[in-house]
Amino acid sequence: MNISCKNKVLAIALLALLLLLPCPSANAYMLYENPQRIIISAPADNYKTSSAQVSILGACDWTQPLYMNGQSVSCTEHGFFSVYVNLQPGENQFTFTQGENSRSITINRSGSGSGGSGSGGAFSWDNVKFYDTALWGEVKSNNITHRAQADKSQNLLNALAKGTASRIIGECGDYYCLADRSFIYKNNVRLLDMAAIPAVNQITSITVTPRTAQNCTEINFKAQINALYKAELTGDQVRFTLYDSANACQPVYADNPLFSDIQAVAAENGVVQYVFNLKSGAHPNGYYVEYRDGYIVLGLKQPPQLTDNAEQPLAGAVILLDAGHGGSDGGASGPPASAGPLEKNINLVITNYAKAYLESQGATVIMTRTDDSESGLAARVSQILETKPDLSISIHSNSIAETADYGNIRGLRTYYSYPFSLNAASFITQRVSQYAGLNQTTPQLSNLALTRIENTLAILLENAFISNPDDYEMMIQSEYQQRFGEAVGQAAAEYLLSLAQNESSVYAVSTMGQAVSTDPANRPITVYLDGQPLQFDVQPTIQNGSTLVPLRAIFEALEAQVNWNNDTKDLVAVKPAADIRLYLALNSPELQITEAGQTRAVSLPAAATIIDGRVLVPLRAISEGFGCDVSWEAAERSVVIRTLED
């Protein structure tokens with residue numbers, strides 16, 4: 001049946017509407033017309049294989065019976081079919097007929113093998129060529145696969161961040177062997193100038209800062225190079241190993257929700273390991289490593305912090321949903337090929353239903369795409385790395401190679417890459433199977449870009465097999481799409497709530513390594529200047545909403561000269577480089593600021609005062625008086641000061 005140009009436009013508009021809006025009809029299907037012809041979507045004509053069997057997938061006029069080489073072929077309600085055929089060596093021809101319509105396909109079988117060319121020889125250290133003189137290399141992109149062996153096994157080490165620098169001690173085929181005797185593809189590495197590499201990477205400071213917006217705690221290692229690393233999350237510890245490095249400082253750390261102390265452990269051959277002892281009941285929800293301005297930053301993702309809202313229990317949670325493929329990337333095609341809905345269409349409708357459910361529960365949902373636009377794989381990965389959500393779920397439709405039996409492989413599959421995501425994968429798979437009425441499966445370990453992410457719990461759901469005629473018949477039904485999408489939303493919600501319910505409102509915190517039990521609202525105040533915590537011999541205190549700190553410590557940190565007159569109980573502080581002078585008297589309600597010869601007065605919520613024999617001054621007014629930006633991180637009870645440059 002020919003479709004006019006006008007009708008094509010209307011059909012496209014209707015398909016777009018179906019992708020974005022829930023469909024009220026339980027029996028409705030995505031836009032698909034009877035092709036009134038025979039379509040062979042896989043394999044391609046003149047397909048070559050060494051397999052003894054192959055599947056032929058297609059669609060036909062659903063009002064007529066279908067035959068292959070004179071034998072009846074079973075079809076679904078809408079004419080979708082697959083046939084698993086035996087192949088003889090040489091040329092095999094299969095002819096499908098329906099009334100006056102016919103379609104033939106030729107498949108060529110070479111040799112007498114059972115299919116597949118094998119995975120090559122097993123990895124052996126005997127095949128590794130070690131260099132007499134090591135090279136140095138830098139990882140060119142983010143989230144790069146890092147392996148224990150020079151092969152394509154699914155057991156991965158932590159993915160490496162862009163900029164990771166390492167000695168290269170050898171090679172094996174397409175892989176470089178790094179300083180920790182791990183392997184990475186050569187094309188992911190840029191070789192470095194050896195002259196620019198120090199003999200030993202000295203770690204000269206270690207500080208801890210909150211990243212409240214993403215619900216993370218960051219540990220900052222001041223370093224000379226962006227050293228190769230390994231991160232391990234265990235039951236009660238986090239272990240962070242740096243290679244070709246040495247510890248040259250005492251860790252200085254602030255109060256945080258996750259760990260009570262940091263221990264530096266030196267090992268042989270230029271390896272240093274930092275052990276973070278987790279507080280009772282604390283558990284990171286993932287981690288990340290980034291390199292920023294001379295610092296190696298280890299970020300620990302905290303479990304979601306949910307508000308106590310019975311009507312919107314997920315308020316406070318951030319979930320990223322990825323509707324696989326889009327735009328010119330249609331993903332896998334089903335039995336009718338491009339004549340029917342593609343994987344990208346099915347994925348988006350399902351994902352929109354999951355989004356609607358999660359938002360109804362109060363969650364913030366980030367989408368990699370909201371329409372039939374194209375978002376490349378690298379862009380999707382970057383979005384997860386940047387936003388650091390509490391949970392990342394990528395929704396796809398599965399497909400397999402032609403050498404498998406399409407008719408016997410169907411149903412839900414779930415994939416993950418790292419052990420700490422297994423609990424999430426198992427829980428969500430079980431719940432989705434239950435709520436959507438699907439088969440129960442076991443999550444599978446896989447090296448996928450969208451699950452090879454460690455800063456969150458990342459899983460990928462293949463809702464069903466688009467290469468299976470019965471699954472495809474089900475997948476294009478609006479009732480199934482809504483049921484599956486809402487099942488994903490409900491399962492994700494329950495899992496995040498289970499994490500949050502494990503968090504106690506009262507926990508042990510530490511200040512300079514001394515653990516105390518306290519309510520979070522009364523935790524000690526931490527002050528950061530350009531990312532570094534300041535140390536005070538008298539704890540900061542809050543009066544009238546203003547943070548007060550010992551005067552000499554804050555002025556020295558801001559590189560200002562201060563003179564306190566004990567007789568008149570006032571001070572003068574100057575910063576000659578900025579031509580700024582501050583005057584402050586004890587118990588005075590204002591601060592005088594002279595800049596470039598002009599004097600102005602600033603009202604103070606709390607005046608300078610004496611506590612335990614020490615003079616404490618208002619932190620914000622002093623810092624802003626010297627041109628700094630000041631913010632209060634209420635969740636972490638910390639003051640963040642940033643020096644501003646012209």
Mind checking whether [X] and [Y] have side chains closer than 4.5 Å, heavy atoms only?
X: F240; Y: I296; result: yes
X: L604; Y: L584; result: yes
X: H146; Y: D180; result: yes
X: L497; Y: P313; result: yes
X: V275; Y: N277; result: yes
X: T547; Y: R620; result: no
X: I319; Y: P389; result: no
X: E595; Y: R600; result: yes

Pairing residues for Y495 by the ring-ring contact (aromatic ring centres under 6.0 Å, His included) criterion, not counting sequence neighbours: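 Residues passing ring-ring contact (aromatic ring centres under 6.0 Å, His included) with Y495: F427.
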Residues in ring-ring contact (aromatic ring centres under 6.0 Å, His included) contact with Y583, at least two apart in sequence or another chain: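 With sequence neighbours excluded, Y583 shows a ring-ring contact (aromatic ring centres under 6.0 Å, His included) to no residue whatsoever.
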I need the [X] [atom1] to [Y] [atom2] distance, nearest 0.5 Å.
X: R239; Y: L233; atom1: CZ; atom2: CG; value: 12.0 Å
X: L460; Y: T451; atom1: CG; atom2: OG1; value: 6.5 Å
X: Q302; Y: T212; atom1: CD; atom2: OG1; value: 8.0 Å
X: I197; Y: Q224; atom1: CD1; atom2: CD; value: 10.5 Å
X: N220; Y: I203; atom1: CG; atom2: CD1; value: 11.5 Å
X: E218; Y: T209; atom1: CD; atom2: OG1; value: 5.0 Å

Shortest non-hydrogen contact between [X] and [Y], atoms and distance:
X: L314; Y: L358; value: CD1-CD2, 3.8 Å
X: L178; Y: S166; value: CB-OG, 3.6 Å
X: C249; Y: I206; value: SG-CG1, 3.7 Å
X: L157; Y: Y418; value: O-OH, 3.2 Å
X: Y291; Y: A227; value: OH-O, 3.0 Å
X: L160; Y: Y229; value: CA-OH, 3.5 Å

Judged by atom type as modelled, is there a donor-acceptor pair below 3.5 Å linking the side chain of [X] to the main-chain atoms of [Y]?
X: N142; Y: K162; result: yes
X: Q305; Y: G316; result: no
X: N455; Y: L385; result: yes
X: R431; Y: A492; result: no
X: K301; Y: K388; result: yes
X: R369; Y: A323; result: yes
X: S588; Y: E590; result: yes
X: N544; Y: S546; result: no
X: S426; Y: N423; result: no
X: N188; Y: V139; result: no

side-chain contact (heavy atoms from CB on, under 4.5 Å) evaluation trace for V617 with L571: CA-CA 10 Å; V617 296; L571 66 84; 4.2 Å; yes
side-chain contact (heavy atoms from CB on, under 4.5 Å) between T387 and T456, intermediate numbers included: CA-CA 10 Å; T387 57; T456 186; over 6 Å; no
D293 atom CG, over 12 foreign heavy atoms within 6.0 Å: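 Incorrect, the count does not exceed 12.
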Derivation of the side-chain contact (heavy atoms from CB on, under 4.5 Å) call for L377 and L450: CA-CA 8 Å; L377 191 57; L450 289 165; 3.9 Å; yes
Given L499, I428, L320, N285, the one that forms side chain to side chain contact (heavy atoms under 4.5 Å, CB included) with L391: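 Answer after filtering L499, I428, L320, N285: I428.
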Does either side chain, that of [X] or that of [Y], offer a donor lying less than 3.5 Å from an acceptor on the other one?
X: S638; Y: T526; result: no
X: Y287; Y: E454; result: yes
X: S205; Y: Y295; result: no
X: R452; Y: T145; result: yes

Check against side-chain contact (heavy atoms from CB on, under 4.5 Å), L591 and L582: CA-CA 7 Å; L591 170 71; L582 305 185; 4.2 Å; yes
Parallel, tilted or perpendicular, as decided by the 30° and 60° cut-offs, for the rings of Y274 and F221: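 Judged by the thresholds at 30° and 60°, the geometry between F221 and Y274 is tilted.
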Only pairs under 3.5 Å count here: list side-chain donor-acceptor contacts from residues 554-564, not counting sequence neighbours, and write none if there are none.
residue	atom	partner	partner atom	Å
W564	NE1	N566	OD1	3.3

